[in-house]
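First the proteins, then the strands, lettered A, B, ... as listed; each starts at 1.
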Amino acid sequence: MLYVHNTMTGSKDRFEPLVPGKARMYVCGVTVYDYCHIGHARSALIFDVLRRHLEYSGLVVEFAKNFTDVDDKIIRRANEQGVSCESITTTYINAYYEDMEKLGVRRATIEPRATEHITDIVTLVERLLTKGMAYLVDGDVYFQVDRYPLYGSLSKRKLDDLQAGARVDVDQRKRHPMDFALWKSSKPDEPSWDSPWGPGRPGWHIECSAMAMRHLGETFDIHGGGMDLIFPHHENEIAQSCGATGKEFARYWIHNGFVQINQEKMSKSLGNFFTIREIFKKSEWPDAVTGEVLRYFLLSTHYRSPVDFSDHSLREAKGALNGFYDLFERLKEPALSQGVLDQQMYETTTRMRQAFAQAMDDDLNTSEAVAALQRLRGETNKALEAGLSDEMRRTVRQGFRTLGAVLGLLQLDCWQFKPQLQPASSDMHGETSTTLTDDDVADKIAARIKAKKVKNYRLADQLRAELASHGVTIEDRPDGTSRWKR
RNA sequence: GGCGCCGUACCCAAGUGGCUAAGGGAGCAGUCUGCAAAACUGCGAUGCGGCGGUUCGAACCCGCCCGGCGCCUCCA
């Protein structure tokens, strides 16, 4: 039974879907005017894991994640580069998919774009105007916040407090300083659509309301996003949606914490942010490994806590992950003894499976869930020394795969990969890359085993050192063969 | 000014009223191995920012203080 921290109630609430057996969730995606950074990765990952856990728990998940493809920043970027807005949004949507695929973030079941929902948006704005919750000024339509009495209930703010703290120039045409745009009349050279109020484009908040209602219904289960969206974005979405329908909008509001750099929020103004592709590019590991390392790192902290990103933290995650793949290699090897510990191992697996599910059910406690996997790893290694049958070895590996899948971890076949293609070594000496192919490694290992047989340890050690210089580590097995990894 | 979060071993990080304070990384010692690597075993916070209080009992609840951070403006 899943419990989630609900920003609206401020407590851990039992998750009971509106329609039994089905979970409908909407997550605010990205505004596509730039590459995604590690903070976007965290948010996407967390809701991907929530979705996986809901599915693992037997629910059918309808998951909508939008692209904001009309926005001031997109227009500015297009103008800077002298290209169309479509060109900008297409570029960054494609980049988004590339990044997310490397991170192992699955696509949502529905991925709507604002520009594809202009009709829905216009209809919603009209509804609000008809109800007297919005007003028209010079072709702009504003939502009137004081017409929605519950305004501030998500972010726990009072309208008066907000007014006192307002630091922006207040548009004098607004009836209340916190009123926000539902529809903006367009200036020349801006993308625009026809509307009853003249050519214009949607405000930021209205698109999510319109798309969520279109795809998930007027009331649905989960709405999520980063903590910074609580105010004003989600607060405004609630005001618009509930204002228009008179019904509850989302029933559970889930927000993730930030990725920080040196205890500070990442931000462009501080210049301390890292894009996802930059991290992959700089990584010393192959993409598949880097992706898993990033996931492990991001999931080893609870989703609502801040998490500090650094090279050091990635190396720690890599180290922690190594143990799993070392174990999986051992599990692949034929059993030398009878499965004396099979029964005990079976019980341990069952226990850890329960611990894992219990942790995930407790507000997605991924740290605890990972700890359960680590305990299972330790127990398996111990049992392996005493003896596990071939069948049990396969069963255990499958167990890791099944639980790991909820977190998107432990799915790789093995931890040794072809090194990333080095940018064609066109350096001045025209030297070819010194990376070794798998066949090269196999040859050297064969030579070393031969050397060991005749007790030529000097040659054996030399070969090992040679491989080590290429980042290849050897592990000798008791039967005289060797396994290796990069 | 308003709202809110965090401070647990060398590092990361669970736990939030009651068994020996999870787990990982790093480290040290040992077993195994030609040597390694991996694995295994052992060591590592008598204490959870500080001081008071509530309680039979607190890292966990309350108060104050110290330190760090976030939101209130676009932002995952």
Phosphate OP1/OP2 of [N] contacted by [X] side-chain N/O (<4.0 Å):
| X | N | answer |
| --- | --- | --- |
| A:Asn381 | B:rA38 | no |
| A:Lys452 | B:rC35 | no |
| A:Trp484 | B:rA38 | no |
| A:Arg375 | B:rG24 | no |

Report task. Would you mind reading off the distance between A:Met227 atom CE and B:rC72 atom P, rounded to a whole angstrom? Result ->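 After rounding, the gap between these two atoms is 13 Å.
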**Report entry** Euclidean distance, atom CZ of residue A:Arg477 to atom C1' of B:rA36 [Å, nearest integer]
**Finding:**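 About 16 Å, once rounded to whole Å.
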Requested in this report: With sequence neighbours excluded, give me every side chain to side chain donor-acceptor pair (under 3.5 Å) pair touching residues 1-13 of chain A.
Outcome: A:Asn6-A:Asp13, A:Thr7-A:His255, A:Thr9-A:Ser11, A:Thr9-A:Asp13, A:Ser11-A:Asp13, A:Lys12-A:Asp362
Query raised in the report: What residues form a side chain to side chain donor-acceptor pair (under 3.5 Å) with A:Asp146, not counting sequence neighbours?
Result: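 Checked A:Asp146 against side chain to side chain donor-acceptor pair (under 3.5 Å); matches are A:Gln144.
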Query raised in the report: Relative to A:Tyr97, does A:Arg107 satisfy both conditions: NZ or CZ under 6.0 angstrom from the six-membered ring centre, and within 45 degrees of the ring's axis?
Result: yes
Would you mind telling me which of [options] lies closest to the side-chain atoms of [X]?
| X | options | value |
| --- | --- | --- |
| A:Glu264 | B:rA76, B:rC69, B:rU73 | B:rC69 |
| A:Asn365 | B:rC69, B:rA39, B:rG15 | B:rG15 |
| A:Arg464 | B:rA36, B:rC69, B:rC71 | B:rA36 |
| A:Ala320 | B:rA39, B:rG25, B:rC35 | B:rG25 |
| A:Asp461 | B:rC74, B:rA76, B:rC35 | B:rC35 |

Without placing hydrogens or testing angles, list every side-chain donor-acceptor pair under 3.5 Å for residues 256-265 of chain A, not counting sequence neighbours.
unit_1   : atom_1 : unit_2   : atom_2 : d
A:Asn256 : OD1    : A:Ser43  : OG     : 3.0
A:Asn256 : OD1    : A:Gly226 : N      : 3.4

Contacts under 3.5 Å, N or O only, protein and nucleotides 3-12 of chain B:
unit_1 : atom_1 : unit_2   : atom_2 : d
B:rC11 : O2     : A:Glu316 : OE2    : 3.1

**Report entry** Among A:Lys187, A:Arg173, A:Lys184, the one residue meeting salt bridge (Lys or Arg N to Asp or Glu O under 4.0 Å) with A:Asp140
**Finding:** A:Arg173
Query raised in the report: Among residues 96-107 of chain A, which contact RNA chain B at a heavy-atom distance under 4.0 Å?
Result: none
Query raised in the report: Dot-bracket for RNA chain B, 5' to 3', counting Watson-Crick or G-U wobble pairs under 3.5 Å, with [ ] for crossing pairs and | for inter-strand pairs?
Result: ((((((((.[[[..)..(....]]].(((((.......))))).....[[[[[..)....]]]]])))))))....
Query raised in the report: Taking the inter-plane angle between the rings of A:Tyr92 and A:Tyr35 on a 0 to 90° scale, is it parallel (under 30°), tilted (30 to 60°) or perpendicular (over 60°)?
Result: perpendicular
